[in-house]
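Here the structure comes first, spelled out in structure tokens, and everything after it is commentary.
Index from 1, following the sequence.
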Amino acid sequence: MARLRKKTCIALFLFTLFVFGTMMGLRTLKPSDGFSDLAPGLGLLPMIGGRMDRRSVSQDAVSSPGQVRAKVVLSNSGPEGTIFYDVHIFYSVWYGNPSMDGKYMHWDHILVPHWDPKIAASYPKGRHMPPEDIGSSFYPELGPYSSRDPDLLESHMEQIGAAAAGVLVLSWYPPGLADDNGEPTEDLVPAVLDAAHRHNLKVAFHLQPYRGRSDHSVHDNIKYIIDRYGDHGAFYKFTSSTGNILPLFYIYDSYLTPPENWSDLLHPTGSHSLRGTPYDSVFIALIVEERHKHDILAGGFDGMYTYFASNGFSFGSSHQNWKAVKAFCDGNNLLFIPSAGPGYIDTAVRPWNNHNTRNRVNGRYYETALQAALNVRPEIVTITSFNEWHEGTQIEMAVPKKTVTRLYLDYQPHQPEHYLELTRRWAEQFNKEKETWLM
């Protein structure tokens, strides 16, 4: 009898240990609505208060004679090769290597110190040493590449097309400016546009924060981009339900500029308004905190996006808040563009930030995020990201790699293209469901 009780206790202990381990492994699957069925569709709102309805269907692409293109549809799932212009994916061109650029850029990212010196003292300092040691927890199938490599651009456009994302959202700095860890890349924009055009993709612009950015400088940036690239075949334009066709810009960290300043740029009566001019566009602001939705409305923006792939990191990136944010946007004739990502891990560059890591769980985290996005019936879904390797949000192909000092994460037991395939599957599902919402 004592032996039976002992065996029972051991079995109970092992079962409890198994349950605990499973819960820890799945700790990142936070959305309360999980994989619930999609709600019935809603029709588009008409003009509200005389303001143009920005919610829309995407614009057709035009193929050039003699070019082999992916097939494009707007609201149908289709055969292999179909792409969708309502699926946007964030894309970076800040990477460099010695063969193309004379040195590594971004792959050798510094280990960012914590802002509290006492905490910073507990973590390593320095920078990464490519090619074996790069500033990422994953390792790209194409190695530590240069964004200036024409073959690399072709491969990226093929992968984005394979994922069925029709619009790449290009991180952009004005000429001569760059992020803290790279060099200016504005001269790369023509090559990106040309490569995208060869693959029937479109390019939208993701305006990054830079020293001195203001409503006045953004006014100049928009004029520069439209004057320089607006006639290119790959330049993305958004077609509203009222038939207006306008460029669309994402403004990263828009909250750094006060809403009253944005209002001067984005309200029709603003002192240097773009409204009603040849530079009028659809402007999408970043929502991080809950109060930002009111600032975005007051600033005259046309919508908001969430960007961050770490569920729970911010109000805007928390899946459980998306329904309320979407309701606010619907009530104020704004677009709500949720951002879904496959996971998050930036400890290769911010070693103290482990609490924001979100495990991929072999793709289940990504599917949960995509389902949460579809549940709010958006006009556009954004993917964070194609190739933000530092933050581990990439869907670009990655491979297993082990060095003397590093063991990189990978997509196993799946193949390197796993997240491209998942994105295609959900893009098709999104457009299938969207047909029912718009009926």
Side-chain angles (χ1 to χ4, degrees), residues 58-72 81-97 99-101 105-106 140-143 145-178 182-208 221-239 245-250 279 281 382-383 385-388 394-397 420:
S58 302
Q59 186 181 13
D60 283 299
V62 179
S63 298
S64 301
Q67 287 184 305
V68 179
R69 298 286 192 176
K71 181 179 177 183
V72 178
T82 299
I83 59 175
F84 303 96
Y85 291 124
D86 48 11
V87 178
H88 297 187
I89 188 163
F90 295 107
Y91 183 71
S92 300
V93 289
W94 53 31
Y95 300 105
N97 64 26
S99 63
M100 294 295 297
D101 308 275
M105 290 187 289
H106 267 268
E141 184 181 66
L142 297 173
Y145 53 72
S146 168
S147 297
R148 294 184 178 276
D149 184 345
D151 293 335
L152 178 280
L153 286 177
E154 288 299 314
S155 176
H156 279 182
M157 300 307 143
E158 288 173 6
Q159 290 185 50
I160 292 171
V167 179
L168 63 95
V169 183
L170 178 66
S171 290
W172 186 86
Y173 290 88
L177 299 180
E183 294 189 357
T185 57
E186 208 286 325
D187 63 312
L188 262 175
V189 173
V192 173
L193 285 164
D194 290 346
H197 192 54
R198 286 191 292 272
H199 293 267
N200 215 24
L201 303 174
K202 300 293 185 183
V203 178
F205 288 77
H206 195 195
L207 272 62
Q208 299 296 304
N221 297 158
I222 299 302
K223 289 184 66 176
Y224 174 89
I225 291 171
I226 292 176
D227 285 343
R228 196 171 182 88
Y229 307 120
D231 292 332
H232 195 286
F235 186 79
Y236 176 67
K237 294 181 180 178
F238 183 85
T239 306
I245 301 174
L246 295 172
L248 184 146
F249 294 95
Y250 293 89
Y279 304 102
S281 302
T382 50
I383 306 299
S385 63
F386 178 76
N387 64 339
E388 220 301 1
Q394 80 289 336
I395 68 165
E396 183 182 356
M397 293 189 289
L420 303 176

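Phe386 has its side chain within reach of Gln159: a pair of non-hydrogen atoms, C-beta onward, lies under 4.5 Å apart. Contact of the Leu207 side chain with the Ile225 side chain is registered, since non-hydrogen atoms from C-beta on lie closer than 4.5 Å. When side chains are defined from C-beta on, Phe205 does not count as touching Ile222, because their heavy atoms never get closer than 4.5 Å. Using a 4.5 Å heavy-atom cutoff, the side chains of Asp187 and Arg148 are in contact.
Inspection of the Tyr279 and Asp227 side chains reveals an N or O donor paired with an N or O acceptor under 3.5 Å. Counting only N and O atoms by type, the side chains of Asn97 and Ser146 include no donor and acceptor under 3.5 Å apart. A donor-acceptor contact under 3.5 angstrom links the side chains of Glu396 and Tyr145, judged on distance only.
Ring-centre distance between Phe235 and Tyr229: not below the 6.0 Å cut-off. Note: His88 and Tyr236 meet the aromatic proximity criterion, with ring centroids under 6.0 Å apart.
Note that the CZ atom of Phe249 and the OG atom of Ser281 stand 4.5 Å from one another [nearest 0.5 Å]. Taking NE2 of His232 as the start and CG of Leu193 as the end, the distance is 4.5 Å to the nearest 0.5 Å. Here OG1 of Thr239 is found 11.0 Å from CG of Leu248. Values are rounded to the nearest 0.5 Å. We find the OH-CG distance between Tyr91 and Leu170 to be 8.0 Å, quoted to the nearest 0.5 Å.
In this structure Glu141 satisfies the side chain to side chain contact (heavy atoms under 4.5 Å, CB included) test together with Met397, Val399, Pro416, sequence neighbours excluded. With sequence neighbours excluded, no residue satisfies ring pair (Phe, Tyr, Trp, His ring centres under 6.0 Å) with Tyr173.
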Worked verdict on Thr382 versus Tyr250 for side-chain contact (heavy atoms from CB on, under 4.5 Å): CA-CA 11 Å; Thr382 50; Tyr250 293 89; 3.3 Å; yes

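Judged as a salt bridge (Lys or Arg N to Asp or Glu O under 4.0 Å), not a single pair has a partner in residues 155-171 (not counting sequence neighbours).
In this structure a side-chain-to-backbone donor-acceptor pair under 3.5 Å is missing from Ser171 to Ser92.
Listed here is the closest heavy atom pair of Val203 and Val167: C-CG1, 4.5 Å.
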